[in-house]
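Counting starts at 1 for both ligands and their atoms, in listed order.
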Amino acid sequence: MVVEVCVGSSCHLKGSYEVIELFKARIAKDKLEDKIDLKGTFCLGKCGIAGVSIRVDEQIITGVTPGNFDEVFDTYILSKVA
Ligand code: FES
């Protein structure tokens, strides 16, 4: 599975770096290194929405924050790779 975190300027300001660090930590904790390909991507065109935008395979998910990260991970990623 390809997980891309938007590192466009708007998402960067809204915390992309922190979200990427959360992804790295969670992927390591759950031992999913060989199942998840984590990448950065340019603007996904959803800058107006609060939080960081990510793309999981071809689905764009908006509003990712450190506060809802685990919920997003469980719902959109863990359920598909487990
Ligand atoms: S900068 Fe992330 S959606 Fe535009």
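Taking every heavy atom of both residues into account, F23 and F73 meet most closely at CE2-CD1, 3.7 Å.
Screening residues 38-56 for side-chain hydrogen bond (donor to acceptor under 3.5 Å, both in side chains) gives E4-R55 as the qualifying pairs, with residues at least two apart or on separate chains.
Each of I60, I49, T62, I61 was evaluated against L44; a single residue qualifies, I60, per the side chain to side chain contact (heavy atoms under 4.5 Å, CB included) test.
For atom 2 (Fe) of ligand 1, the set of protein N/O/S atoms nearer than 2.8 Å consists of C6 SG, C11 SG, ordered by chain and number.
Counted within 6.0 Å of CD on Q59, heavy atoms from surrounding residues, nucleotides or ligands total more than 12; the atom is thus considered enclosed.
By the 4.5 Å heavy-atom criterion applied to side chains, V52 and T65 are not counted as neighbours. Taking the side chain as every heavy atom from C-beta outward, I77 and M1 approach each other to under 4.5 Å.
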